[in-house]
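No experiment lies behind these values; they were computed from the predicted model shown.
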Amino acid sequence: MSDSNPKNAPASAYRGTLNMPDTPFPMRGDLPKREPGWVKEWDDKGIYKKLRDARSGAPKFILHDGPPYANGQLHIGHAVNKILKDMIIKARQLEGFDAIYVPGWDCHGLPIENAIEKLHGRNLPRDEMQAKGRAFATEQIAQQMVDFKRLGVLGDWDNPYKTMNFASEAGEIRALKKVMERGFVYRGLKPVYWCFDCASSLAEFEIEYQDKKSQTLDVAFKAHEPAKLAAAFGLPALSKDAFAVIWTTTAWTIPANQALNLNPELPYALVDTERGLFIVAESLVEACMTRWGLTGQVLAVVPGEKLAGLEFEHPLYDMDAGYRRLSPVYLADYATASDGTGLVHSSPAYGVDDFNSCVAHGMAYDQILNPVQGNGTYAADFPLFGGQHIWKAVPVIIDALKVAGRLLNTTTITHSYPHCWRHKTPVIYRAAAQWFVRMDEGEGVFTDPAQKPAQTLRQIALEAIEHTAFYPDNGKARLRDMIAGRPDWCISRQRSWGVPIPFFLHQDSGELHPRTMEIIDRAAEIVEQGGIEAWSRVTAEEILGAEDAKHYTKSTDILEVWFDSGSTFWHVMRGTHPTMHHDEGPEADLYLEGHDQHRGWFHSSLLLASAIFGRAPYRGLLTHGFTVDGQGKKMSKSLGNTVSPQEVSGKLGAEIIRLWCAATDYSGDLAIDDKILARVVDAYRRIRNTLRFLLANVSDFDPAQDAVPFEQMLEIDRYALSRAAQLQQDILAHYKVYEFHPVVAKLQLYCSEDLGGFYLDVLKDRLYTTAPKSLARRSAQTALYQITHAMLRWMAPFLSFTAEEAWKVFGQSETIYLETYQTIPTADEGLAAKWERLREIRDAVNKEIETVRAAGTVGSSLQAVVTLTAAPEDHALLASLGDDLKFVLIVSATHLVAGSALQISVAASSDAKCERCWHYRADVGQNPEHPTLCGRCDSNLHGAGENRVHA
């Protein structure tokens with residue numbers, strides 16, 4: 001802005017005659033001190049409930065909260081997530097929707113069990129672990145809730161949802177029944193991810209990949225029937241011992257080997273070497289010979305299918321009677337020549353492909369060897385390696401293979417390997433009898449034929465993705481790829497703190513009790529009354545009767561935690577919180593989480609809704625990136641680059657976190673550090689100062705008495721409103737697709753360029769110097785009043801505390817969130833185009849004035865007299881403003897000259913300066929009673945007042 005502000009004038013006799021702006025809205029936000037007061041006021045007055053009452057009957061907008069885990073202090077990532085949700089809800093509320101936000105918490109699961117074990121020791125009785133888990137989660141939720149509210153997040157904090165509420169636990173059991181009725185649940189022995197630290201199976205969602213060092217092994221399996229092998233290769237006989245050679249990175253699986261897999265179409269060579277005859281893929285002969293330090297000659301080549309059924313001896317066959325078994329050759333496409341030897345050894349308990357191959361070739365479940373215990377050790381009676389932990393046993397196994405003469409080579413490699421995302425430790429595949437949700441064709445337990453869908457769960461889920469909107473778009477391919485390739489979902493866990501799978505299994509056959517569906521209903525009722533602890537205390541006799549109880553065992557499995565949160569669309573949105581119920585599906589308009597949830601909550605929710613309803617539970621999916629430091633590094637305590645939302649709120653205010661969050665493109669990673677926050681503080685100050693100017697200049701404006709009809713307003717005021725209307729259109733379009741950073745950028749630009757750099761700069765003279773109730777001043781105030789209304793609504797979703805504070809000064813209702821967006825009057829396009837060009841000319845004039853000022857020819861811009869030579873079109877434009885042109889340019893006088901192109905010359909005025917308005921004018925002193933006033937100030941104070949038409 002220019003220095004034409006009479007507010008900064010030295011004391012003069014006429015200072016009191018200026019319309020000096022005033023407002024109780026302070027320049028300093030003092031956010032850390034004052035924000036907690038707003039939080040308390042929203043709480044005490046029950047603002048969220050009042051918003052619901054006010055929007056009762058309006059169309060609903062439901063953002064379903066992906067529940068954070070009830071453990072630990074909130075970090076900046078939590079803050080981003082909750083603030084984004086809050087901004088979306090508030091923007092929709094202002095749009096007129098009944099924008100419902102019920103915060104939730106994920107309460108069961110292993111981290112809480114681990115915390116309880118650290119506090120109270122291991123091997124607690126089941127119901128004691130559950131009671132302590134419930135108490136621990138309750139404490140954590142209370143602490144987290146305080147921090148979420150402190151961030152200015154409005155929601156149903158009095159009635160959040162918790163997955164451990166009795167009704168939610170019961171609802172989840174009923175959801176399981178529904179999935180069973182639809183034919184998707186079965187029991188199977190399958191290799192599942194297993195974490196030794198969790199002592200439980202893990203879902204795909206709970207796996208992350210990290211580098212791991214492993215030993216590679218080339219291991220030889222001796223041919224058991226050399227004559228059959230010779231015949232398969234078309235040779236009369238074999239001159240030496242022959243071996244099939246496999247390559248593996250999991251030495252610990254070798255003791256449990258039960259088969260070999262070859263690709264039916266791949267050519268395999270029989271190679272003569274100084275250590276015997278070796279079978280490897282033809283294309284890998286050279287690489288293998290180099291690796292083993294041997295020279296070899298290929299004797300014969302046949303496709304893998306010719307070797308099917310041949311039997312080879314376990315590599316430890318001669319080391320212990322426990323290994324005196326044979327490994328048959330099975331044919332499988334997953335054996336390839338991409339690395340190793342082209343042959344794959346098969347331990348069906350420890351690999352999905354191995355398991356499928358062995359079962360497909362007729363191996364019964366009870367024939368599958370599974371010596372690795374849940375804690376990672378081999379069974380005590382397992383030959384040679386009993387009682388040893390598998391990772392520690394690797395060098396022992398390698399030594400045994402060397403002694404047996406079956407190890408051709410071993411090296412160390414670093415490769416990407418699955419790890420538990422909680423413990424960061426390597427996991428294995430391990431066969432266990434588990435409950436699964438089936439992705440593809442097959443029969444489920446207790447299927448109701450009338451309810452069984454025609455499509456598979458995978459087909460339903462993939463189709464549902466096509467009906468979902470993604471923000472940003474690339475989320476669609478991510479989720480689709482994950483659903484397309486995922487295995488069956490293992491939903492059972494062997495823990496205590498979780499929702500029970502209320503099954504009774506026959507002690508001999510392992511079959512479910514014939515009244516299982518009825519028992520599930522009974523279990524749900526018991527849990528609804530007394531929580532999962534009540535079911536833990538129930539005996540088989542109480543449920544089945546004394547006779548049946550003798551033959552059945554009560555299952556102690558629980559549903560894995562992703563089933564808890566994944567089913568909340570069912571047991572929360574249709575159950576415990578009926579206000580969230582959309583009359584038509586899907587249940588939620590939006591799910592919003594970090595992009596890791598494509599494999600987490602988005603994924604489990606999609607599968608369960610597809611299983612129950614045949615559709616997604618959401619209309620839209622929004623994903624945000626993770627928080628990183630200013631250099632783009634992941635935050636970690638060890639690096640010391642974390643940012644605590646509690647500390648920032650205490651030092652700068654939660655409003656600064658909110659503005660940072662809104663101003664950052666959340667589709668990528670969100671960078672934050674002290675320097676970035678300092679820039680956000682500057683941006684906040686600029687917006688606040690603009691707001692303060694607006695509020696101060698309408699402090700004596702009563703719209704009922706003082707508003708000027710749009711068509712009677714001055715031209716620049718009508719232009720200013722048109723500009724605000726255009727900006728509002730842009731802002732609301734961004735809000736509609738959940739974009740905030742363009743809104744912040746445009747609002748900042750609007751404050752500095754449209755308002756500060758132009759409109760308010762031009763307006764000051766009219767606001768301060770014209771008669772208080774004149775049309776000129778009231779026209780300006782009418783525009784400012786409407787702009788202030790609009791601007792408070794634009795910023796309310798992200799600058800929530802500031803908008804509410806300003807609303808107390810300016811608004812009529814109890815909270816700004818009871819309002820809806822303004823309808824702003826707008827002029828025709830011609831007016832907008834005219835003033836855009838005038839602004840361009842004004843910028844050119846300002847540049848010229850600055851040059852002259854730098855040379856010392858003029859002081860302020862008001863001392864300048866500007867001569868404008870203009871081409872016909874510009875000349876007509878400038879001439880149309882008449883005498884008001886000088887106010888637009890903020891100079892004391894202008895001269896217009898017709899020409900062929902725009903030329904600007906600036907000179908110093910030779911007239912006297914008016915003491916009141918600071919303009920240099922020839923009529924200063926025309927009234928002898930007021931010798932230091934110009935004619936217009938004299939008229940504004942003592943006469944009819946000046947006539948302003950355009951500016």
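The existence of a salt bridge linking R34 and D30 is excluded, since no basic side-chain nitrogen approaches an acidic carboxylate oxygen closer than 4.0 Å. A salt bridge links D717 with R766; the closest basic N to acidic carboxylate O contact falls under 4.0 Å. Ion pairing of E873 with R837 is absent here, as no side-chain N (NZ or NE/NH1/NH2) approaches a carboxylate O to less than 4.0 Å. Under 4.0 Å is where a charged nitrogen must lie from a carboxylate oxygen, and between E848 and R853 no such pair does. Salt-bridge formation is not detected for the pair E711/R718: no Lys NZ or Arg NE/NH1/NH2 atom is positioned less than 4.0 Å from an Asp or Glu carboxylate oxygen. Under 4.0 Å is where a charged nitrogen must lie from a carboxylate oxygen, and between D43 and K149 at least one such pair does. A salt bridge is absent between K60 and D98: the closest approach of a Lys/Arg side-chain nitrogen to an acidic carboxylate oxygen does not fall below 4.0 angstrom. The existence of a salt bridge linking D923 and R921 is confirmed by a sub-4.0 Å separation between a basic side-chain nitrogen and an acidic carboxylate oxygen. Salt bridge annotation for E850-K847: absent, with no cationic side-chain nitrogen under 4.0 angstrom from a carboxylate oxygen. Electrostatic pairing of D682 and R679 does not count as a salt bridge here, judged by no charged N lying under 4.0 Å from a carboxylate O. Looking at K49 and D53, a side-chain N of the basic residue comes within less than 4.0 Å of a carboxylate O on the acidic one, giving a salt bridge. Under the 4.0 Å criterion applied to side-chain N and carboxylate O atoms, D700 and R777 are assigned as salt-bridge partners. Between D754 and R723, at least one side-chain N (NZ, or NE/NH1/NH2) sits under 4.0 Å from a carboxylate O, which counts as a salt bridge. One finds a salt bridge joining R658 and D86 here, because a Lys/Arg side-chain nitrogen approaches an Asp/Glu carboxylate oxygen to under 4.0 Å.
Among F740, Y821, Y750, Y735, the one residue that satisfies the ring-ring contact (aromatic ring centres under 6.0 Å, His included) test with W794 is Y750. With R948 as the fixed residue, the side-chain contact (heavy atoms from CB on, under 4.5 Å) test singles out one of I716, L775, T770: T770. The side-chain contact (heavy atoms from CB on, under 4.5 Å) with Y920 is formed by just one residue from the set C914, S909, S910, C934; it is S909.
For E647, the CD atom counts as loosely surrounded, since its 6.0 Å shell holds 12 or fewer non-hydrogen atoms of other residues, nucleotides or ligands. Around atom CG of D674, no more than 12 heavy atoms belonging to other residues, nucleotides or ligands sit under 6.0 Å away.
No donor-acceptor contact under 3.5 angstrom links the side chains of T932 and K913, judged on distance only. The closest side-chain donor-acceptor pair between H734 and K746 falls under 3.5 angstrom. Checking R92 against Y101 by side-chain atom types alone, no donor-acceptor pair falls below 3.5 Å. E819 and W807 share no side-chain donor-acceptor pair at under 3.5 Å. Donor-acceptor pairing under 3.5 Å is lacking for the side chains of E946 and S939. In this structure, a donor-acceptor pair under 3.5 Å is absent between the side chains of K886 and S892. Between the side chains of S667 and Y471, no donor N or O sits under 3.5 Å from an acceptor N or O. Between the side chains of H741 and Y666, no donor N or O sits under 3.5 Å from an acceptor N or O.
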Point to revise | Candidate pair E804 and T815, rule side-chain hydrogen bond (donor to acceptor under 3.5 Å, both in side chains), full reasoning | key: CA-CA 7 Å; E804 195 76 313; T815 170; 2.6 Å; yes
Review point. For R936 and D765, what are the C-alpha separation, side-chain angles and deciding distance, and is it a salt bridge (Lys or Arg N to Asp or Glu O under 4.0 Å)?
Key: CA-CA 12 Å; R936 74 185 188 100; D765 180 87; 2.6 Å; yes
Exercise for review: Run the numbers on Y719 and E836 for side-chain hydrogen bond (donor to acceptor under 3.5 Å, both in side chains), then give the verdict.
Suggested key: CA-CA 9 Å; Y719 163 68; E836 292 302 325; 2.6 Å; yes
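Within the cation-pi definition used here (under 6.0 Å to the ring centroid, within 45° of the axis), R688 does not qualify as a partner of Y684.
No side-chain donor-acceptor contact under 3.5 Å links Q728 to the backbone of A790. Looking only at distances, a side-chain donor or acceptor of T17 sits under 3.5 Å from a matching main-chain atom of Y14.
What you find for C661 and L84 is that their closest heavy atoms are SG-CG, 4.1 Å.
Classified by interplanar angle (parallel below 30°, tilted 30° to 60°, perpendicular above 60°), the ring pair F61/Y738 is tilted.
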